[in-house]
Structure formats: C-alpha cells, structure tokens
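First comes the structure, then the notes that go with it.
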Amino acid sequence: QIDTQYYYNATPGSAQRDIKGALRVMQVLRDLAGRHGAMSPEEFSIAYRKALLEVQNSLSKPGLAPVASNATAVSQRHLQPFIEKRWG
C-alpha cells in the first residue's frame, strides 16, 4: 500500500454496477419519453409500469465503501455533506 496526499474518485459512493444500473434507467426513461407523445394516458400508464419493472433492479442507493487508505478517509469525510445533501 502506498499512502498518497491526493485521492480522486469520479463516482464517490457508487460501484460499477450502480453506474451501469443508472445508465440502464436513463436509457429506458429516454425511450419512454420519446414515445409518450403518441400514447393515451392509459397506454402511457401501462408503458410506465412495464418500464419500471424492467429497471427495478437497477434502482439502487449508492453508499460509501469501507476505508481503503487515509486519503480515502479524508476524502470521504469532506464529501459526506455533499452526499447527504444529494442522496439524503
């Protein structure tokens, strides 16, 4: 292990599967948004429920990982107020 004075994490609190899940949700929502104008309210309700079932396993809540180093601990401590504000 090498201690560093700088630590960067592009997606704090999110694992690779969280990012992939978010991309799946975004794609399904974009598809639904593109089709909604041609649907009746009843058709949209059915399509929305189908879309929700399709992505329900991708709706995760990111959390912080165990501390990997002192730099990670400092970084997480500084990021915590932003994470709580964003994901409460």
Among residues at least two apart in sequence or on other chains, which ones pass salt bridge (charged side-chain N to carboxylate O under 4.0 Å, His left out) with Asp18? none

Looking at Arg17 and Arg24, what are the two nearest heavy atoms and their distance? O-NH2, 4.5 Å

Minimum-distance pair of heavy atoms, taken over all atoms of Gly21 and Ser58: O-CB, 3.5 Å

More than 12 heavy atoms of other residues, nucleotides or ligands under 6.0 Å from CD of Gln56: yes or no? yes

If two hydrophobic side chains count as joined below 4.5 Å and joins carry through other members, does Val28 share a cluster with Leu59? yes

Does Arg35, at its CZ atom, have more than 12 non-hydrogen atoms belonging to other residues, nucleotides or ligands within less than 6.0 Å? yes

Give the table of side-chain donor-acceptor pairs shorter than 3.5 Å for residues 44-55, with sequence neighbours excluded, one pair per line with atom names and distance.
| from | atom 1 | to | atom 2 | distance (Å) |
| --- | --- | --- | --- | --- |
| Ser45 | OG | Arg49 | NH1 | 2.4 |

